[in-house]
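Just below is one structure, and these are the notes that go with it.
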Amino acid sequence: MEGMEASAIGLLKRAVDLDRGGERMEEAVTLYQEGVSLLLQVMKATSDSAKKLRMREKIEEYLKRAEDLKTHIKGQKEAGKYHEQIRIANDSVGHSYNSLFGKFIEESLTSVEIEDPYIRSVHQIYNFLRFCELLVRKKSSLKKIVLITSLEENQNNKETQIQRLDQIRKSLQTYNVQLIVQYSSTLHDREIRFDTGWVIKIGRGLDIYKPTENKFCIGFCDFDLRLCHETTVDIFHRKFVKDGAAAGSS
């Protein structure tokens with residue numbers, strides 16, 4: 001039980017640090033919940049009544065903070081004032097597309113626009129496909145995906161790129177989702193926009209994962225276990241940007 005207690009303390013300490021930072025509140029809530037779950041198991045196995053009481057008090061404290069934080073996050077989202085910045089460290093794990101973006105795919109979502117100049121090589125197109133899979137399997141009203149990217153310069157590679165993206169387009173049709181691909185030679189920024197108002201800016205675009213040593217390594221299939229490149233993800237709501245701009249000009 002000592003190992004479990006140490007793990008619980010580590011998770012809860014991390015939750016408190018993120019909570020105080022104020023930028024990764026969703027992750028803080030998750031860590032509070034995971035830490036409390038472990039602490040509950042330790043408490044049940046403890047015979048020391050005084051220690052049980054202290055643990056129960058701490059558990060109640062952490063649970064209340066998690067609930068307060070969830071209420072605060074919900075209020076910010078409804079007001080369009082939520083902003084989250086995620087700094088992905090080099091070689092870190094736990095950053096699948098679902099972990100990063102899943103909570104922002106709401107039932108009312110109908111359209112997604114992706115600007116990423118590098119959806120060209122095979123692994124980049126697979127990344128785009130994985131993102132499309134996430135969008136499809138979430139409970140939303142998704143009808144359209146617009147991809148704006150650049151074309152390969154080599155003619156053979158260009159034809160292969162177009163063909164692969166067209167295969168994704170045909171596959172999405174079976175889910176009643178339209179894929180529109182547009183090509184730009186001047187595109188530079190990397191941004192994902194949901195028609196619900198959420199905007200996601202990623203320094204590296206969708207290409208945040210490192211290759212595995214081979215196809216039979218842990219992390220090849222589960223991208224929460226895949227090593228990442230260093231990058232920053234900013235998630236905010238368009239309403240907040242407009243309100244902020246209006247406030248700044250007054």
Side-chain angles (χ1 to χ4, degrees), residues 24-27 29-30 34 73 77 82-88 92-149 161 164-182 189-212 215 217-229 231-238:
R24 297 166 67 178
M25 294 180 287
E26 295 263 11
E27 188 175 343
V29 170
T30 300
E34 291 177 353
I73 291 167
K77 285 183 176 180
Y82 182 84
H83 175 221
E84 181 170 357
Q85 185 176 80
I86 304 167
R87 293 182 178 88
I88 299 177
S92 64
V93 297
H95 305 294
S96 67
Y97 294 146
N98 185 44
S99 299
L100 292 170
F101 319 129
K103 53 185 171 284
F104 299 97
I105 303 174
E106 302 163 351
E107 289 188 15
S108 57
L109 178 70
T110 63
S111 176
V112 178
E113 294 182 3
I114 300 118
E115 288 188 359
D116 190 328
Y118 297 105
I119 307 295
R120 305 192 303 194
S121 63
V122 62
H123 81 276
Q124 292 165 346
I125 294 174
Y126 272 132
N127 285 340
F128 174 65
L129 175 59
R130 290 185 185 96
F131 185 66
C132 289
E133 289 175 335
L134 171 64
L135 292 172
V136 166
R137 70 183 174 88
K138 287 289 184 178
K139 292 182 179 179
S140 70
S141 305
L142 184 66
K143 297 299 179 187
K144 183 173 68 174
I145 299 172
V146 179
L147 170 66
I148 306 170
T149 191
Q161 177 191 11
R164 286 169 175 161
L165 289 173
D166 192 55
Q167 288 173 340
I168 296 176
R169 180 187 64 80
K170 291 176 180 176
S171 180
L172 283 167
Q173 284 179 340
T174 64
Y175 292 89
N176 297 315
V177 176
Q178 178 188 20
L179 172 62
I180 300 171
V181 181
Q182 301 172 357
D189 290 343
R190 297 161 175 85
E191 185 172 289
I192 299 170
R193 296 182 293 273
F194 295 162
D195 67 350
T196 50
W198 292 109
V199 179
I200 301 165
K201 287 183 173 287
I202 319 172
R204 293 186 57 92
L206 292 175
D207 194 3
I208 64 175
Y209 304 109
K210 293 187 175 184
T212 55
K215 294 181 179 180
C217 285
I218 296 297
F220 180 77
C221 297
D222 188 341
F223 272 54
D224 268 319
L225 299 173
R226 179 73 72 94
L227 297 178
C228 290
H229 294 285
T231 193
T232 300
V233 181
D234 273 292
I235 303 171
F236 53 90
H237 200 281
R238 279 196 296 267

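Because the structure is predicted, anything quoted here is derived from the model rather than measured. Index from 1, following the sequence. Values below: every heavy atom of this structure, side chains too, minus hydrogens, waters and symmetry copies.
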Which pair of non-hydrogen atoms, one from [X] and one from [Y], has the smallest distance, and what is that distance?
X	Y	result
S99	G94	CB-O, 3.7 Å
S108	T196	OG-CG2, 3.4 Å
L100	H95	CD1-O, 3.6 Å
E84	E26	OE1-CG, 3.8 Å

Check whether any side-chain heavy atom of [X] lies under 4.5 Å from a side-chain heavy atom of [Y], and answer yes or no.
X	Y	result
K138	N98	yes
V181	F128	no
V93	D224	no
I200	F194	yes
R169	L165	no

Rounded to the nearest 0.5 Å, what's the gap from [atom1] on [X] to [atom2] on [Y]? Could you check?
X	Y	atom1	atom2	answer
I192	D116	CD1	CG	8.0 Å
D234	R87	CG	CZ	8.0 Å
I125	C132	CD1	SG	11.5 Å
D207	R120	CG	CZ	11.0 Å
F131	I168	CZ	CD1	12.5 Å
I145	I114	CD1	CD1	6.0 Å

Within the supplied structure, the quantity of interest is the number of heavy atoms (other residues, nucleotides, ligands) at a distance under 6.0 Å from F220 CZ; does it exceed 12?
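Atom CZ in F220 is crowded, with more than 12 foreign heavy atoms closer than 6.0 Å.
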As a quick check of understanding, evaluate side-chain contact (heavy atoms from CB on, under 4.5 Å) for K201 and F236, giving each step before the final call.
CA-CA 9 Å; K201 287 183 173 287; F236 53 90; 4.0 Å; yes
Please confirm whether the backbone N or O of [Y] pairs with a side-chain atom of [X], one donor and one acceptor, at under 3.5 Å?
X	Y	answer
S140	T110	no
Q161	I119	yes
T149	P117	yes

Does the pair Y118 and N127 meet the rule for a side-chain contact (heavy atoms from CB on, under 4.5 Å), with working shown?
CA-CA 10 Å; Y118 297 105; N127 285 340; over 6 Å; no
Mind telling me whether W198 and H237 have parallel, tilted or perpendicular rings, with 30° and 60° as the class edges?
perpendicular
Test ring pair (Phe, Tyr, Trp, His ring centres under 6.0 Å) applied to Y97 and Y209, step by step:
CA-CA 10 Å; Y97 294 146; Y209 304 109; 5.3 Å; yes
Examine the side chains of H229 and T231 and answer whether a donor and an acceptor come within less than 3.5 Å of each other.
no
Applying the side chain to side chain donor-acceptor pair (under 3.5 Å) criterion to E115, which one of Q182, R190, R193 satisfies it?
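When Q182, R190, R193 are each tested with E115, the side chain to side chain donor-acceptor pair (under 3.5 Å) holds only for R193.
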Worked check of side-chain contact (heavy atoms from CB on, under 4.5 Å) between K144 and D195:
CA-CA 10 Å; K144 183 173 68 174; D195 67 350; over 6 Å; no
Assess the residue pair M25 and V29 against the criterion (side-chain contact (heavy atoms from CB on, under 4.5 Å)); give the C-alpha distance rounded to whole Å, side-chain angles, the decisive distance to 0.1 Å, and a yes or no.
CA-CA 6 Å; M25 294 180 287; V29 170; 5.7 Å; no
